[in-house]
Every structure is written in C-alpha cells, then in structure tokens.
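In what follows, a single structure is set out as structure tokens and then discussed.
A quick note: this is a predicted structure, and the numbers were derived from the prediction, not measured. Counting convention: from 1, in listed order, for ligands and their atoms alike.
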Amino acid sequence: MDYKVKDLKLAPQGAKKIEWAERHMPVLMGLRDEYSKTKPLKGIKIAGCLHVTKETAVLVRTFRAAGAEMAWCGCNPLSTQDDVAAALAREEIPVFAWRNNHDDYYWCIEQVLKTEPNVTLDDGADLVFTLHQKMPELMEGVIGGTEETTTGVVRIRAMEKDGKLRYPIIASNDAVTKCDFDNIYGTGQSTFDGIFRSSTLLIAGKTVVVAGYGHVGVGIARRAKGLGGDIVVTEVDPIKALQARMDGFRVMSMEQAAPIGDLFITATGNKHVITLKHMRKMKDGTILANSGHFNVEIDVEALEKHAKSKKEVRPNNVCYDLDSKHIFLLAEGRLVNLAAAEGHSPEVMDMSFANQFLAVLRIVQEHKSMEPKVYSVSREQDERIARIKLRSMGIKIDELTEEQEDYLSSWDEGT
Ligand code: NAD
Ligand code: ADE
C-alpha cells in the first residue's frame, strides 16, 4: 500500500485519540453498526480530502465498515494530526497527509486521485478542482461527490453555473444538522481553543472584532461575548448587519474597527477582508486570527511584504513589526481552530459526518438518476440525524396529534 505520513510510530497515540472520539460520536457509530451488516458501499472507492483529525478517522472507519475502500489527504497544510494520520496508515488506509505539507499539498491530492475513485468527498473543493482541471481523465469512474464546507459549496456552485461541473455533488454543508451546529457551535468553541493555545490571553475586557455574521461569525461572536469580550461585527450584508446589531453587538466598517480592536477574527469565506491599509491603522499588540476556510481573509502576503521583520513568539503565533508596531498573526492566517488546535469537538462532528456518510450512500444508490449539479440534503436525512442525536442525549420531544396536523394543514379555522 502506498502512503505518506510523518511517522508511523505515532500510530498508537493516534488510535487512542480516535477511540476517544468514537465514544462521543453516537450517531455515526450507530450508522456504522447498522451498515456494517449489509455493506452497501462494497466495491466503492472514496477519495477523501478533509482535515485528518480523530473525528475524520471515525468517519473513515465507518466507511470501511460499510464496505468502502478509501484514500485520504488533508484539505489544509496545517490541519493534519500526525498521530491520527499514522493510525490510519497502520489500519491500511492509503493516507497522504502530514502537518506542514505546504509544498506537497497538491501532490497529496494527486496521489489520492490516482487511486481512481468512484466518489469524491471534499472540504473546500481543492480535490474536485484538481480532478476537473488537472486530471480529467480520471473522471470516468466518478459517480458523484459530497462537499463539507461553505466555501467548497460556493466554488462548486460556481462550477455548475459555468457548466463545468461533470458529476453530481451533494452539499453536505447545507444540511441543517451540519451548518446550524458545526459552523455555529463547533467553530464558536474551537476557534477560541486555537486562540487560547496560541496566545494564552484573556478575552474578558478585550474588543473582539468578528468579520462576517454568517453561521461561523454568529458562533464566534456569541462565545466571545460569553467570555467577557466587547464585540464588534463587520458585515457586507445589510440584513446580517442588522441582526448583529439587534443581537446586541456594535456594527461598523472594518476601517472604523481597525484602530479599536484588540483581537480580530475573520469568518467570511471572502478574500482581503483585513488589508494592509487596515493593519496600518491597528494598535500595537493587535492579534489577528482567521476561521474561514482559506488563508486569504487576512492579506498575509502584504503583511509579509511590508513588515520590517517577523519572529515566532509561541507555536502558531508570529509577531510582525509593521511601522514599528507589533501585529501578532495566529496560525499563518489559516483556520486557527484546526491549525492551532484540534478542530471541532467530536459531538458536533458526529452530525456533520453522519451527513457525509448518508450523502455518500445516497450517491451510490441514486447516482443513475442524478445530474451533474449541486444537490441539497433532504429534510428526511436532517430529521433522521436530529432524532438519533436527541435520543443519544436522552431527550424526548412531543409529537403532533392528529388534531394538530389537521389544524396546521387547514385554512378555514380562524378567529
Ligand atoms: P456564511 O455564508 O453563513 O457567512 C459568511 C458571512 O460573511 C456572510 O454573512 C457574508 O455576508 C459575510 N461577508 C462576506 N464578505 C464579507 C466582508 N468582506 N466583510 C464582512 N463580512 C463579509 O458562511 P459560514 O458558513 O459562516 O462560513 C464562513 C467561512 O468559514 C467559510 O469559508 C467556511 O467554509 C468556513 N468554515 C470554517 C470552519 C472551521 O472549522 N474553521 C467551519 C465551518 C465553515
Ligand atoms: N472541521 C472542523 N473541525 C473538524 C474536525 N474536528 N475534523 C474534521 N474536520 C473539521
């Protein structure tokens, strides 16, 4: 078996981490139990390009239990947990991933594609992009794919609009049990995990500027408030901006926020949200972090070019001397929760990856009637996952009575 990881000797430590995650992912473990009997993915090869973490490993083991073969790489040069990658390689999964694989990032993706997959499972669409642009000859056996994150869904929708998408892709991200939980609660907590590990600083009493008030931004702003921060939100969407204001946050432009913020966190999925012009207005000691998918939200290139010097002050924390002020950039401006911490907690990845599992199953079962376009997750899938999750939490909910169902579908009962 071909694979490339940092050090196979890390495997026992990685295996322990995976077992810890398994204890906290009851929905996915339930699916593993159910589908390991019938093996509906037998004969299917999956190419995975998604952060190599302990939670991802639980998904990988679940696919294998359901009969699939896989090859896997990370979707960010800084997010691979080397011990987990080693554990997967030891379990004979062809893994091409190690932390700091900046120069070999696309090489790893290509190795995974060379296994001639039937299904692509992507996070950010780099795998889908590489397949379409660089290795189209491998597309013949591909029956469909799934996409894990908002930025990836934006990219594949753009491909669909340009008539370039060659096979159906299910937007797993857009499942309610994914984006209303992973993006909000998952990122809300893990972003601070990354900020704490790389800075150790207190949030209470700080002005925290959150760029973007979508799913991720809402989660971060809520947690920052809970930690005692004074929150400022920047937005481009007038409705989101209004929501942020009515949630009790100050709203202003980045230009206005630049000189008053102590900590900036970007979560927009957009590029150059914090530019050199903004950085030049910032206070001495300002900290910059990003939780959006790509490292383009903060203009790191401009900072690198114009700073007089830079020095690593702690792991994942580099001090730049810009106009004789100190600006601290966390995790190279890459997603701080995965680059400086371990990403989201297993409890929330449980639902995200249950969505991924069921989406792959749907591709396998329904691909013949699907077109090369972006598909949504069905309401049934979302409800199924929510019900299993509630059950695992020991929570019972009410059911509509027949009388209530009739009432809700009638129009003749009024005042
Ligand atoms: P979303 O579409 O719900 O929200 C993005 C928000 O950013 C929107 O409200 C939009 O109006 C706003 N925005 C766009 N450009 C802006 C600008 N220039 N200034 C201020 N606001 C701007 O998306 P989301 O689900 O919140 O995802 C945001 C990013 O986070 C994406 O890149 C996504 O892939 C990524 N993500 C990361 C993680 C993680 O683990 N770090 C998890 C989930 C999603
Ligand atoms: N995205 C955010 N957190 C993650 C995790 N723990 N594993 C995989 N992908 C993630």
Side-chain angles (χ1 to χ4, degrees), residues 17-18 21 24-25 48-60 72 74-76 78-81 84 121-125 147-155 157 171-174 178-194 209-221 232-244 251-255 257 264-275 278 289-299 331 334-350 352-353 356:
K17 274 182 158 180
I18 300 169
H24 300 282
M25 300 178 81
C49 176
L50 197 151
H51 309 290
V52 180
T53 65
K54 59 190 186 303
E55 292 76 22
T56 300
V58 180
L59 176 65
V60 168
W72 216 272
C75 62
N76 186 286
L78 282 188
S79 64
T80 294
Q81 295 166 13
V84 172
L121 189 155
D122 213 343
D123 184 338
E147 172 50 55
E148 170 75 5
T149 198
T150 314
T151 284
V153 172
V154 168
R155 286 179 89 189
R157 281 198 201 284
S172 263
N173 176 73
D174 297 354
K178 197 281 180 183
C179 65
D180 276 0
F181 295 87
D182 169 316
N183 301 26
I184 297 179
Y185 305 100
T187 323
Q189 178 166 313
S190 60
T191 294
F192 285 100
D193 191 2
V209 179
V210 181
Y213 202 65
H215 296 85
V216 172
V218 165
I220 293 171
V232 168
V233 169
T234 72
E235 251 296 345
V236 291
D237 178 332
I239 300 168
K240 299 278 182 195
L242 204 53
Q243 280 172 339
V251 177
M252 59 185 82
S253 67
M254 186 55 83
E255 183 138 351
F264 289 74
I265 308 169
T266 51
T268 69
N270 210 340
K271 74 187 290 190
H272 296 173
V273 176
I274 296 181
T275 62
H278 297 132
N290 166 54
S291 252
H293 187 75
F294 286 122
N295 59 332
V296 294
E297 306 216 7
I298 301 166
D299 191 352
R334 296 181 190 275
L335 13 75
V336 70
N337 62 329
L338 281 139
E342 290 177 50
H344 302 350
S345 305
E347 294 99 316
V348 82
M349 295 314 294
D350 190 24
S352 308
F353 287 162
Q356 283 287 7

Heavy-atom pair of closest approach, residues [X] and [Y]:
X	Y	answer
F294	G124	CZ-O, 3.8 Å
G186	V348	CA-CG1, 3.9 Å
T187	I220	O-CG1, 4.2 Å

Under 3.5 Å side-chain donor-acceptor pair for [X] and [Y]:
X	Y	value
T275	H278	yes
H344	S190	yes
D182	N173	no
N337	T191	no
E297	T268	yes
H51	S79	yes

Nearest neighbour in protein (non-hydrogen) for [atom]:
atom	result
atom 10 (C) of ligand 2	M349 CE, 3.6 Å
atom 8 (C) of ligand 2	T56 OG1, 3.2 Å
atom 4 (O) of ligand 1	G214 CA, 3.2 Å
atom 6 (N) of ligand 2	E55 OE1, 2.9 Å
atom 26 (O) of ligand 1	V216 N, 2.8 Å
atom 5 (C) of ligand 1	T268 O, 3.6 Å
atom 34 (O) of ligand 1	T149 OG1, 2.7 Å
atom 3 (N) of ligand 2	H344 N, 2.8 Å
atom 5 (C) of ligand 2	T53 OG1, 3.6 Å
atom 37 (C) of ligand 1	S291 O, 3.2 Å

At under 4.0 Å between heavy atoms, is it the side chain or the backbone of [X] that contacts ligand 1, or both, or neither?
X	result
K240	side chain
M254	neither
T150	both
T187	side chain

Query raised in the report: Strictly under 4.0 Å, does any heavy atom of H272 approach an atom of ligand 1?
Result: no
**Report entry** Residue-ligand contact C179/ligand 1, heavy atom below 4.0 Å
**Finding:** no
Which of the ligand 1 atoms, numbered from 1, are nearer than 4.0 Å to a heavy atom of [X]:
X	answer
N183	25 (O), 43 (C), 44 (C)
H344	40 (O), 42 (C)
G269	29 (C), 31 (C), 32 (O)
V236	11 (O), 13 (N), 14 (C), 15 (N), 16 (C), 17 (C), 18 (N), 19 (N), 20 (C), 21 (N), 22 (C)
G292	29 (C), 30 (O), 32 (O), 35 (C)
L335	41 (N)
V273	18 (N), 19 (N)

Report summary line: So for L338 against ligand 2, with non-hydrogen atoms under 4.0 Å, the contacting part is side chain
Query raised in the report: For ligand 2, which atoms have a heavy atom of L50 less than 4.0 angstrom away?
Result: 8 (C), 9 (N)
Query - Numbering as shown, the atoms of ligand 2 that approach F353 to under 4.0 Å (heavy-atom distance) - result: 8 (C)
Report task. Could you tell me whether the side chain of E147 and the main chain of A125 form a donor-acceptor pair under 3.5 Å? Result -> yes
Query raised in the report: Taking both backbone and side-chain atoms of N337, is any N or O found less than 3.5 Å from an N or O belonging to ligand 1?
Result: yes
Query raised in the report: So is there a nitrogen or oxygen of D182 less than 3.5 Å from a nitrogen or oxygen in ligand 1?
Result: no
[atom2] on [Y] to [atom1] on [X], rounded to 0.5 Å:
X	Y	atom1	atom2	answer
S345	E55	OG	CD	7.5 Å
S352	N183	OG	CG	7.5 Å
R155	T151	CZ	OG1	8.5 Å

Between the candidates [options], which shows the shortest non-hydrogen contact distance to [atom]?
atom	options	value
atom 28 (C) of ligand 1	G152, A267, G219	A267
atom 32 (O) of ligand 1	D180, N270, T151	T151
atom 35 (C) of ligand 1	E147, H51, Q243, H293	H293
atom 9 (O) of ligand 1	R155, H215, E235	E235

Would you say [X] and [Y] make side-chain contact, with heavy atoms under 4.5 Å?
X	Y	answer
N76	L335	yes
L59	Q356	yes
M25	E347	no

Query raised in the report: Would the number of heavy atoms belonging to other residues, nucleotides or ligands and lying under 6.0 Å from CD of Q189 be above 12?
Result: no
**Report entry** Derivation and outcome, side-chain contact (heavy atoms from CB on, under 4.5 Å), residues W72 and L121
**Finding:** CA-CA 9 Å; W72 216 272; L121 189 155; 4.2 Å; yes
Requested in this report: Run the numbers on D299 and I274 for side-chain contact (heavy atoms from CB on, under 4.5 Å), then give the verdict.
Outcome: CA-CA 6 Å; D299 191 352; I274 296 181; over 6 Å; no
Query - Contact with ligand 2 for E342, non-hydrogen, under 4.0 angstrom - result: yes
